[in-house]
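Please read the structure below before turning to the comments.
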Amino acid sequence: MSERDRRESRFVYEYALLRVVPRVERGECFNAGVLVYCRAKTFVAARTHLDETKLRALDPEADASAVRAALRAVESVCAGGAAAGQAAGDDAGRRFRWLIAPRSTVVQPGPVHTGLTADPAAETARLLDLLVK
């Protein structure tokens, strides 16, 4: 495959990190997941990884199971279907935009960034390994 073919087979994607802010009033956070959206592929997904050591360092009293549940909820909204609740009928882009909206909760989205990829699912895994784990 030529360089030109390789470039033409890549698609624009957007991503945002999911941050855990155990004590919102302090603003301290760490990365616990990544959201990826690729309009051309009608793709949206979230992959998460909760580092309980980091969680306990920022708040020894934090409820790890509640944080894990919040992260799973983001994954469910991305997956769509009945698990997505009210967002089940929304398209991938609308679910992504809802998830990246600013909020003052323990799990918060970071700023949106862009890139190019031929495989959004593989890019999601790569970003999780690079920026979260």
Side-chain angles (χ1 to χ4, degrees):
M1 179 182 284
S2 73
E3 180 61 30
R4 182 176 181 206
D5 290 339
R6 219 178 346 266
R7 279 189 309 240
E8 290 177 0
S9 67
R10 296 187 308 171
F11 304 94
V12 173
Y13 72 93
E14 299 173 70
Y15 75 94
L17 291 168
L18 293 173
R19 298 174 175 164
V20 172
V21 188
R23 295 181 56 196
V24 176
E25 70 278 7
R26 291 182 62 137
E28 298 167 328
C29 65
F30 65 94
N31 297 338
V34 64
L35 289 162
V36 173
Y37 169 59
C38 180
R39 180 178 175 197
K41 293 287 194 175
T42 316
F43 175 89
V44 64
R47 297 274 309 270
T48 63
H49 171 78
L50 180 60
D51 185 331
E52 287 193 39
T53 302
K54 289 180 182 178
L55 179 63
R56 298 277 178 244
L58 294 181
D59 184 0
E61 304 299 317
D63 183 350
S65 62
V67 173
R68 197 170 280 106
L71 291 168
R72 276 194 308 269
V74 172
E75 292 174 332
S76 294
V77 169
C78 286
Q86 290 181 323
D90 292 342
D91 63 36
R94 189 170 174 131
R95 291 194 313 269
F96 179 75
R97 298 283 172 240
W98 183 77
L99 289 167
I100 63 167
R103 52 186 47 96
S104 181
T105 60
V106 172
V107 174
Q108 301 178 9
V112 176
H113 306 282
T114 61
L116 293 172
T117 187
D119 185 347
E123 192 66 19
T124 305
R126 187 187 78 79
L127 290 171
L128 182 75
D129 289 340
L130 179 68
L131 302 172
V132 176
K133 290 185 176 180

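FYI, the numbering just counts along the sequence from 1.
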Do [X] and [Y] have side chains that get closer than 4.5 Å, going by heavy atoms?
| X | Y | value |
| --- | --- | --- |
| Pro22 | Leu55 | yes |
| Cys78 | Leu99 | yes |
| Trp98 | Asp90 | no |

Do Glu61 and Arg56 sit within salt-bridge range, that is, some charged N less than 4.0 Å from a carboxylate O?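 The answer is no: the pair does not qualify as a salt bridge.
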Whether Glu14 and Arg97 form a salt bridge (side-chain N of Lys/Arg under 4.0 Å from carboxylate O of Asp/Glu) is what I want to check.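 The answer is yes: the pair qualifies as a salt bridge.
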Given Arg39 and Tyr13, is the side-chain contact (heavy atoms from CB on, under 4.5 Å) satisfied, shown in steps? CA-CA 7 Å; Arg39 180 178 175 197; Tyr13 72 93; over 6 Å; no
Taking it one step at a time, do Glu75 and Arg72 satisfy salt bridge (charged side-chain N to carboxylate O under 4.0 Å, His left out)? CA-CA 5 Å; Glu75 292 174 332; Arg72 276 194 308 269; over 6 Å; no
Applying side chain to side chain contact (heavy atoms under 4.5 Å, CB included) between Leu50 and each of Val67, Val107, Leu18, Val132, report the one that passes.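 So, applying the side chain to side chain contact (heavy atoms under 4.5 Å, CB included) to Leu50 and each of Val67, Val107, Leu18, Val132, only Val67 qualifies.
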Taking the inter-plane angle between the rings of His113 and Tyr15 on a 0 to 90° scale, is it parallel (under 30°), tilted (30 to 60°) or perpendicular (over 60°)?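 If you compare the ring of His113 with that of Tyr15, the planes turn out tilted.
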Within a reach of under 6.0 Å around CZ of Arg103, are more than 12 heavy atoms found that belong to other residues, nucleotides or ligands?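 Count over threshold, so yes.
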Please give me the minimum heavy-atom distance between Ala46 and Val74, naming the atom from each residue.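 Of all heavy-atom pairs spanning Ala46 and Val74, the closest is CB-CG1, 3.9 Å.
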Among side-chain atoms of Asp119 and Thr117, is any donor-acceptor pair under 3.5 angstrom?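 Absent: no donor and acceptor within the cut-off.
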